[in-house]
Q: 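Structure below; questions to follow.
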Amino acid sequence: MIKITFPDQKVREYPEGSTALEIARSISEGLARNVLSAKINGVVWDATRPIHEDAKSQLLTWDDAEGKSTMWHSSAHLMAEALEYFYPGVKFGIGPPVDHGFYYDVDLGEHSISPEDFKKIEDKMLELARQANKYVRKEVPRTEAIEYFREKGDEYKLDLLEDLQDGSITFYQQGNFTDLCRGPHIPDTGYVKAVKLLNIAGAYWRGDEKRKQLTRIYGITFPKKSQLDEYLAMLEEAKKRDHRKIGKELEIFTFDDDVGPGLPLWLPNGAVLIEQLEKLAKQTEQEAGYQRVRTPHIAKENLYLTSGHLPYYADGMFPPMEMDGEKYYLKAMNCPHHHKIFKELNPSYRDLPVRLAEYGTCYRYEQSGELFGLMRVRSLQMNDAHIYCTKEQFAQEFNAVNEMYLRYFKIFNIEKYIMRFSTHEPKKLGKKYVDNPELWIQTEDMVRNVLIDSRIPYVEVADEAAFYGPKIDVQVWSAIGREFTLATNQVDFAVPARFGLAFRNSQNQMETPICIHRAPLGTHERFIGFLIEHYAGNFPIWLAPKQLSILPISEKFNSYAKKVLELLGISDIRGLVDLRDEKIGRKIRDAELKKVPYMLIIGEKEQAENKVSVRKHGTGDLGTFGIPEIIQLIQKEIDKSLNVK
RNA sequence: GCCGAUGUAGCUCAGUUGGCCAGAGCUACUGAUUUGUAAUCAGUGGGUCGGGGGUUCGAAUCCCUCCAUCGGCUCCA
């Protein structure tokens, strides 16, 4: 007998060799039907794999992320079986579960596949699923595994076997399909009740662009048909939030072929958004002791040779222009210019920290395939500043920056994010990273301590640092689920020395400052793109391009409406009058569709009483207000949004 | 940059096997209407069918090429 400990700490005894499925059945048949896999002593196992020793056990169902993963991993095998049926000789790369579904990388050889083929593959998968074929685990000696895939001619699996030790190799077989796989899998294919193939993409073998590109097929499966319908509905909803769609509808930005890819044109509404954002940032930074500077968009080659960017990152910059026998580059970052300003200021330790802020426009040559609406562009305005401080001041400065991030997140109601702390990889010192092992460790410790002390949740990832120091990136997700860096906070202990930056310390010795690169609002392009999706275009009133729309019932009230707009304008309220010869229902509809926060309706009664009827976007009629009252209402709402300390 | 898909009026789209001057709705403009909380009616205008080249008696439709966009991969200082 073995002792099984459940998550609630209850212990029960089972015969040696029992499976998670049998354990589930001993509790209830219903549970047994839902068990997809189990966590045995912290490792996810097949529900049908015998357990031979005392263990902590957690049964995994569709409600557990790991249960879903098991299902999707098995679904990848199911899709592989269907693919092999239609495309004999297909070779398989890897086929893992992902956040929403699974994919399989395949080499179709002579064949090709398009979305039109999805239906027949889905149908085949469902047919195979109905057969409820068992997923059978088999431990295989390495030589036998190699023999199997050599005979099958699958060089990708052979490549994978290169990295595997004898004794750790397992095959899983269901129906007519056998795969090299560590598992685990669901008990049989019958658990799959709904299948949807999502898209096709190219993917390099082992993620290496020098290797062959395979065809990646994405799909998702569910244990219930209704769950698939819900998922598809959710995808449709997400598409409605897409900043590219809303950005067009609300006339925020556009791209033009003659201007160039990745070079956004900000329409008047978009310009208001940026200006409001900058107004907030300037105010925040002024309070935090930053000074504003301004620098040109280009610089001579030598600046980037000094900074060390050119040898490493020339590919990411626009090619140089030649002028008077000199090469000039469009700046891809502001720091070198700011370093020069620091040098000119020639501060002593008494003047530190020096905090230089500039929302400089930078140009980066992103690969054409990388461009993505406002989220990934070639001209970008960084919410940039560089803080030069002493080692002693570092922790406090770094912490203050993090606090500024958190304050912004509160203002924008950003709740779903991850702080990603990127550190160096010692083996790559001198190549990818500046060769100064002590400083790396010392700086990373300083950053880690700040994070721990301020109890900011974070994840640490090795080998993702900047070449000049560790960094913290704030990761968020777009409406369609793509992850990207919103804000960044980087430590630089290397480049200031390259620029010969120094200050005189209290002992009258020259010392190199540490530099903190920080961009809490990332780039204004990406931040606005994110905000459009975050708010689905329903901006808080302080940001809204038009805060209200004044809607006269008929032409007779146009002049009173214009007067109201003028009065509101004196209080810095942004609005417009809908002077079109349309009925009020139409004007309201259009203002609602444009997501204008407030509509002021003006007719005979309002004009006579010197008042306005207020309708709130998405809410409806609020009743009649005097002009001072409406000003107060809006100003209160703005204060509430911005004063969140 | 790579794989795959897409590109028709300001916007959203139809035109699916090549065949009369390329269509619709919304927008815009003109007129009528003077309107009370999510679309008033009528008329008018608007398109090098992404660009270039080719096949054909004839191309939005077939082929080549370039550009852009979309989904991924790679990249992201």
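Lettering of chains follows the sequences in order, A, B, ..., and the numbering in each one begins at 1. Excluded from the calculations below are hydrogen atoms, water molecules and symmetry mates; all remaining heavy atoms, backbone and side chain alike, are included. Just so we're clear, the structure is a prediction, and the values are computed from it rather than from any experiment.
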Q: Please state the C1' separation for the pair B:G19 and B:C2 - nearest whole angstrom.
A: 40 Å

Q: Check every atom of B:C26, B:U35, B:G72 against the side chain of A:Q213 and return the nucleotide holding the closest atom.
A: B:G72

Q: Among B:U37, B:U34, B:A68, which nucleotide sits nearest the side chain of A:S613?
A: B:U37

Q: Taking B:U16 as the reference, what is the distance to B:C62 when you measure between their C1' atoms (whole Å, please)?
A: 14 Å

Q: Applying a 4.0 Å non-hydrogen cut-off, can you work out what A:R216 is touching in the nucleic acid: base, sugar-phosphate, or nothing?
A: sugar-phosphate

Q: With a 4.0 Å cut-off on heavy atoms, is A:F255 in touch with a base, just the backbone sugar-phosphate, or nothing at all?
A: nothing

Q: Identify whether any heavy atom of A:G373 sits under 4.0 Å from a base atom; if not, whether one sits that close to sugar-phosphate; answer base, sugar-phosphate or nothing.
A: sugar-phosphate

Q: Checking contacts here: which listed nucleotide (B:G1, B:U37, B:A77) is nearest the side-chain heavy atoms of A:Y365?
A: B:G1

Q: Any side-chain donor-acceptor pair under 3.5 Å between A:D463 and A:H424?
A: no

Q: Take atom CG of A:N558 and atom P of B:U35, then tell me their distance rounded to the nearest Å.
A: 13 Å

Q: What integer distance in Å separates A:D258:CG from B:C66:C1'?
A: 15 Å

Q: Suppose we define a pair by two distances each less than 3.5 Å, Watson-Crick or G-U wobble; what does B:C49 pair with here?
A: none

Q: When all nucleic acid strands are considered with a 4.0 Å heavy-atom cut-off, which category describes A:E604: base, sugar-phosphate, or nothing?
A: base

Q: Given B:U40, is OP1 or OP2 found less than 4.0 Å from the side-chain N or O atoms of A:R589?
A: no

Q: A:D590 CG to B:C11 C1': how many Å, rounded?
A: 14 Å

Q: Between B:U17 and B:G7, how far is it from one P atom to the other, in whole Å?
A: 13 Å

Q: Please tell me whether A:H517 and A:D384 have a donor and an acceptor in their side chains that are separated by less than 3.5 angstrom.
A: no

Q: Which parts of residues 97-109 of chain A get close to RNA chain B, meaning a heavy atom less than 4.0 angstrom away?
A: none

Q: Between the side chains of A:Y468 and A:Q490, does any donor sit under 3.5 Å from an acceptor?
A: yes

Q: Determine: side-chain N/O of A:K471 to OP1/OP2 of B:A77, distance under 4.0 Å, yes or no.
A: yes

Q: Any strand counts, and the cut-off is 3.5 Å on both contacts for Watson-Crick or G-U wobble. Which nucleotide pairs with B:A77?
A: none

Q: Please tell me which of the listed nucleotides, B:G71, B:A77, B:C26, lies nearest to the side chain of A:R586?
A: B:C26

Q: How would you label the contact of A:K245 with the nucleic acid (heavy atoms, under 4.0 Å): base, sugar-phosphate, or nothing?
A: nothing

Q: Can you see whether A:E358 engages A:T295 through a side-chain donor-acceptor pair at a distance of less than 3.5 angstrom?
A: yes

Q: Could you tell me the separation between the CG atom of A:D208 and the P atom of B:C2, rounded to a whole number of Å?
A: 16 Å

Q: Base, sugar-phosphate or nothing for A:G207? Non-hydrogen atoms, less than 4.0 Å.
A: sugar-phosphate

Q: Can you find a pair of side-chain heavy atoms, one from A:I252 and one from A:L273, that are under 4.5 Å apart?
A: yes

Q: Just checking, A:R378 and A:Y365: is the charged tip under 6.0 Å from the six-membered ring centre and within 45° of the axis?
A: yes

Q: Using a 4.0 Å heavy-atom cut-off across all strands, classify A:I553 as base, sugar-phosphate, or nothing.
A: base

Q: Using the P atoms only, state how far B:G72 lies from B:G15, rounded to an integer number of Å.
A: 27 Å

Q: For A:I113 and A:F557, take the nucleotide of RNA chain B holding the closest heavy atom to each; which residue's nucleotide lies nearer the 5' end?
A: A:I113

Q: Now, which nucleotide makes the Watson-Crick or G-U wobble pair with B:U12, with each of the two distances under 3.5 Å?
A: B:A24

Q: Can you tell me whether the side chain of A:S554 and the base of B:U34 have a donor-acceptor pair closer than 3.5 Å?
A: yes

Q: Heavy atoms under 4.0 Å, any strand shown: does A:D257 hit a base, just sugar-phosphate, or nothing?
A: sugar-phosphate

Q: What does A:A203 touch in the nucleic acid at a heavy-atom separation under 4.0 angstrom: a base, only the sugar-phosphate, or nothing?
A: sugar-phosphate

Q: Flag this pair as yes if the NZ/CZ of A:R211 is under 6.0 angstrom from the six-membered ring centre of A:Y204 and inside a 45 degree cone about the axis; otherwise no.
A: no

Q: Can you find an N or O donor on one side and an acceptor on the other, under 3.5 Å apart, linking the side chain of A:E370 with the base of B:C2?
A: no

Q: Can you check the distance between B:C64 and B:G46, where both ends of the measurement are the C1' atom (answer in whole Å)?
A: 32 Å

Q: Closest approach to the side chain of A:K605, judged atom by atom: which nucleotide of B:U35, B:G36, B:A77 is it?
A: B:G36

Q: Please check the phosphate of B:U35 (OP1 and OP2 only) for any side-chain N or O of A:K556 closer than 4.0 Å.
A: yes

Q: Side-chain N or O of A:R364 versus OP1/OP2 of B:A77: is the shortest distance under 4.0 Å?
A: no

Q: Can you tell me, in whole Å, how much space there is between the P of B:U61 and that of B:A9?
A: 15 Å

Q: Restricting to side-chain hydrogen bond (donor to acceptor under 3.5 Å, both in side chains), what partner residues turn up for A:E397, sequence neighbours left out?
A: A:R355

Q: Measuring only the C1' atom in each nucleotide, how far is B:G4 from B:A77? A whole number of Å is fine.
A: 31 Å

Q: With under 30° as parallel and over 60° as perpendicular, where do the rings of A:F527 and A:F530 fit, or are they tilted in between?
A: tilted

Q: With respect to A:L214, which candidate in A:Y104, A:W205, A:F92 satisfies the side chain to side chain contact (heavy atoms under 4.5 Å, CB included) definition?
A: A:W205

Q: Starting the side chain at C-beta, find the nucleotide from B:A77, B:U37, B:G72 nearest to A:Y218.
A: B:G72

Q: So what's B:G19 paired with, Watson-Crick or G-U wobble, going by both distances under 3.5 Å?
A: B:C57

Q: Does NZ or CZ of A:K340 fall inside the cone over A:F499's six-membered ring, less than 6.0 Å from its centre and within 45° of the axis?
A: no

Q: Could you check whether the side chain of A:R376 and the base of B:C76 have a donor-acceptor pair of N or O atoms closer than 3.5 Å, going by distance alone?
A: yes

Q: Taking atom types as modelled, is there a side-chain donor on A:D473 or A:T488 under 3.5 Å from an acceptor on the other?
A: yes

Q: For B:U40, give its Watson-Crick or G-U wobble partner with both distances under 3.5 Å, or none.
A: B:A32

Q: Ignoring hydrogens and geometry beyond distance, is the side chain of A:Y204 in donor-acceptor contact with the base of B:G72 at under 3.5 Å?
A: no

Q: Select base, sugar-phosphate, or nothing to describe what A:E606 touches, counting heavy atoms under 4.0 Å on all strands.
A: base

Q: Taking atom C1' in both B:C11 and B:G47, compute the distance separating them and give it to the nearest angstrom.
A: 14 Å

Q: By nearest atom, which of the nucleotides B:U40, B:U34, B:U37 is closest to the A:K583 side chain?
A: B:U40

Q: Pick base, sugar-phosphate or nothing for A:M599, based on heavy-atom distances below 4.0 Å to the nucleic acid.
A: nothing

Q: Round to a whole Å and report the spacing from CD of A:E483 to C1' of B:C76.
A: 12 Å

Q: Let me spell it out: for each of A:R378 and A:I601, pick the nucleotide of RNA chain B with the closest heavy atom. Which residue's pick is nearer the 5' end?
A: A:R378

Q: Does a side-chain N or O from A:S368 land closer than 4.0 Å to OP1 or OP2 of B:G1, or not?
A: yes

Q: Measure distances between side-chain N and O atoms of A:R580 and base N and O atoms of B:A28, and say whether any donor-acceptor pair falls under 3.5 Å.
A: no

Q: Please give the nucleotide sitting opposite B:U6 as a Watson-Crick or G-U wobble pair, both distances under 3.5 Å, or none.
A: B:A68

Q: Would you mind classifying the nucleic acid contact of A:G585 as base, sugar-phosphate or nothing, using non-hydrogen atoms under 4.0 angstrom?
A: sugar-phosphate

